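Here is the structure we will look at, set down as structure tokens.
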Amino acid sequence: MDFGFGPKDDLFRREARAWLKAHLGGTPNRRDWERTLGRDGWIGLGWPEDGYGNRRAGLTRQVVWAEEYARSQAPPRCGHIGENLLAPTLIAHGTPEQKARFLPPIARGDELWCQGYSEPGAGSDLAGLRTTAVRDTPDTYRITGQKIWTSLAHEADWCFVLARTDPASRRHHGLGFLLVPMDQPGRIEVRPIRQLTGTSEFNEVFFDGATARAEHVVGGEGGGWRVAMSLLGFERGVSTLAQQVGFARELGEVVRTAVATGAADDPVVRDRIVRQWAELRAMRWNALRTLGDTADAGAPSVAKLLWGRWHRRLGELAMEVRGAAGAVGPADWSPTAPYELDALQHLFLFSRADTIYGGSDEIQRTIIAERVLGLPKEPRGAQG
């Protein structure tokens, strides 16, 4: 399946590959790297509008860029939340003033964003959030509450926050989508969450009367749920194909390790390796089949179920081919200090969360059942 790639896409691929080769070297500072990408027009390729310092590219070129970026092993993006989630949402729902204020700094790589959705007491039930945004003056809101699993909050300049603007409202009614500056000492506290891998990409964020301007409410007061659901639709797309490039690289490392340790002599292990390879190819074909198809409401949930469980099984296979050595940690391990893991150990530990974050498997199955198959909605208890 070639997805309609043509000669111009091949030229674009060579351009992208040459640019990445020329600009990658060492371990660049992640914020400086974002500005480098923005300076040369590599941010905002998939935005449905241009004119904000970005350049538009068709779907095939977006796929090309994402794949070449992953193959080059360039640094993980710290601006992807602003570029791929907030920017398309602002283009769809923002005012001209909001787009003019926030899109150019994203395109330049100057302002980084995080997402304030999940809360400790709500789990995967986004409509059960309790963070409040009270209008204290005609121009400002005061936000009070807690968000959790907030990726890159420790680096972000801004956070888009889903909060309850009507304290008497329930569920998905009376919510606001607010753009909140993170530099508010004493009003916003970020606490890193240490993971099994020893790293801390996720955070808890506490809002204690943090200020947001009324002009920075997207979709109007009470329109937050509509905007939030629209944003979740942007989480699908070409990033899935780039992710699979990384998966293929990890699978290759598992195969090389299996050969080196002799685990590949086991026919059961060989069968599992072949199965992982075949399923990865099937996921690519499925991603290409659904790419750009906004009418298929279940496609993101199906894709999440497929890759989450596939990646977790790959982590388990990685430990099996490593043998006893896979269970040995670094000599200088400490329960309080960061520690180093090898690539396969990191794969195993991090992939344990793949079926939970981004919407658990249970949530994805519920979405498919209710929104695609039309089955009766799951009973819910009384809401406080």
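Note that the structure is a prediction, hence the values are computed from the model and not measured. In this chain, residues are counted from 1 in sequence order.
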Side-chain heavy atoms of [X] within contact of [Y], under 4.5 Å:
X	Y	value
Leu112	Met182	no
Lys8	Arg61	yes
Arg30	Pro76	yes
Thr144	Phe207	no
Glu215	Gln98	no
Ile273	Gln276	no
Arg108	Arg35	no
Val205	Val161	no

From [X] [atom1] over to [Y] [atom2], what is the distance, rounded to the nearest 0.5 angstrom?
X	Y	atom1	atom2	value
Asn29	Cys78	CG	SG	8.0 Å
Leu152	Cys114	CG	SG	8.0 Å
Met283	Trp310	CE	CH2	5.0 Å
Ile43	Leu103	CD1	CG	12.0 Å
Arg164	Leu162	CZ	CG	8.5 Å
Met319	Leu347	CE	CG	7.0 Å

With side chain to side chain contact (heavy atoms under 4.5 Å, CB included) as the test, would you mind laying out the steps for Glu279 and Arg313 before giving the verdict?
CA-CA 11 Å; Glu279 289 177 352; Arg313 290 197 304 273; 2.5 Å; yes
Which residue pairs pass the ring-ring contact (aromatic ring centres under 6.0 Å, His included) test with at least one member in residues 128-166, sequence neighbours excluded?
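Matches after skipping sequence neighbours: Phe102-Trp158, Trp113-Trp158, Trp158-His216, Phe160-Phe177.
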Of Glu15, Arg14, Arg13, the residue whose pairing with Arg17 passes side chain to side chain contact (heavy atoms under 4.5 Å, CB included):
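Passing option: Arg13.
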Which atom pair, heavy atoms only, marks the closest approach of [X] to [Y]?
X	Y	value
Ala210	Ile188	CB-CG1, 3.7 Å
Pro88	Glu83	CD-O, 3.3 Å
Gly116	Cys159	N-SG, 3.5 Å
Ala318	Val254	CB-CG2, 3.9 Å
Ser72	Leu20	OG-CD1, 3.9 Å
Ser301	Ile367	OG-CG2, 3.4 Å

With sequence neighbours excluded, residues passing ring pair (Phe, Tyr, Trp, His ring centres under 6.0 Å) with [X]:
X	answer
His80	none
Trp65	Trp42, Tyr69
Phe350	His346

Please determine whether a side-chain nitrogen of the Lys or Arg among [X] and [Y] lies less than 4.0 Å from a carboxylate oxygen of the Asp or Glu.
X	Y	result
Asp157	Arg31	yes
Arg55	Asp50	no
Arg284	Glu67	yes
Lys147	Glu204	no
Arg71	Glu68	yes
Arg101	Glu111	yes

Kindly check if the number of other-residue, nucleotide or ligand heavy atoms within 6.0 Å of CZ (Arg275) is above 12?
no
What about [X] and [Y], same hydrophobic cluster or not, with Ile/Leu/Val/Met/Phe/Trp/Tyr joined at side-chain heavy-atom distances under 4.5 Å?
X	Y	answer
Met229	Val217	no
Tyr117	Ile148	no
Leu129	Phe202	no
Phe247	Trp277	yes
Trp47	Ile81	yes

Could you tell me whether the side chain of [X] and the main chain of [Y] form a donor-acceptor pair under 3.5 Å?
X	Y	value
Thr261	Val321	yes
Glu34	Gly79	yes
Lys304	Asp354	yes
Arg309	Arg312	no
Glu320	Val269	no
Asp139	Thr137	no

Report the C-alpha separation of Leu86 and Leu179 in whole Å, then their side-chain angles, then the decisive distance to 0.1 Å, and conclude whether the side chain to side chain contact (heavy atoms under 4.5 Å, CB included) test is met.
CA-CA 10 Å; Leu86 179 66; Leu179 309 181; 4.0 Å; yes
Assess the residue pair Arg142 and Thr211 against the criterion (side-chain hydrogen bond (donor to acceptor under 3.5 Å, both in side chains)); give the C-alpha distance rounded to whole Å, side-chain angles, the decisive distance to 0.1 Å, and a yes or no.
CA-CA 5 Å; Arg142 293 286 181 185; Thr211 301; 2.6 Å; yes
Geometric cation-pi criterion, Lys21 with Trp19: 6.0 Å, 45°
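Negative - Lys21 is either too far from the ring of Trp19 or too far off its axis.
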Side chain to side chain contact (heavy atoms under 4.5 Å, CB included) between Leu280 and Leu314, worked out
CA-CA 11 Å; Leu280 182 59; Leu314 182 67; over 6 Å; no
Taking salt bridge (Lys or Arg N to Asp or Glu O under 4.0 Å) as the cut-off, I'd like each qualifying pair that reaches into residues 242-262, sequence neighbours left out, listed once.
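Qualifying pairs, neighbours excluded: Glu253-Arg256.
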Clusters formed by hydrophobic residues whose side-chain heavy atoms approach within less than 4.5 Å: which one holds Val259, and what are its other members?
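Its cluster partners, ordered by chain and number, are none at all.
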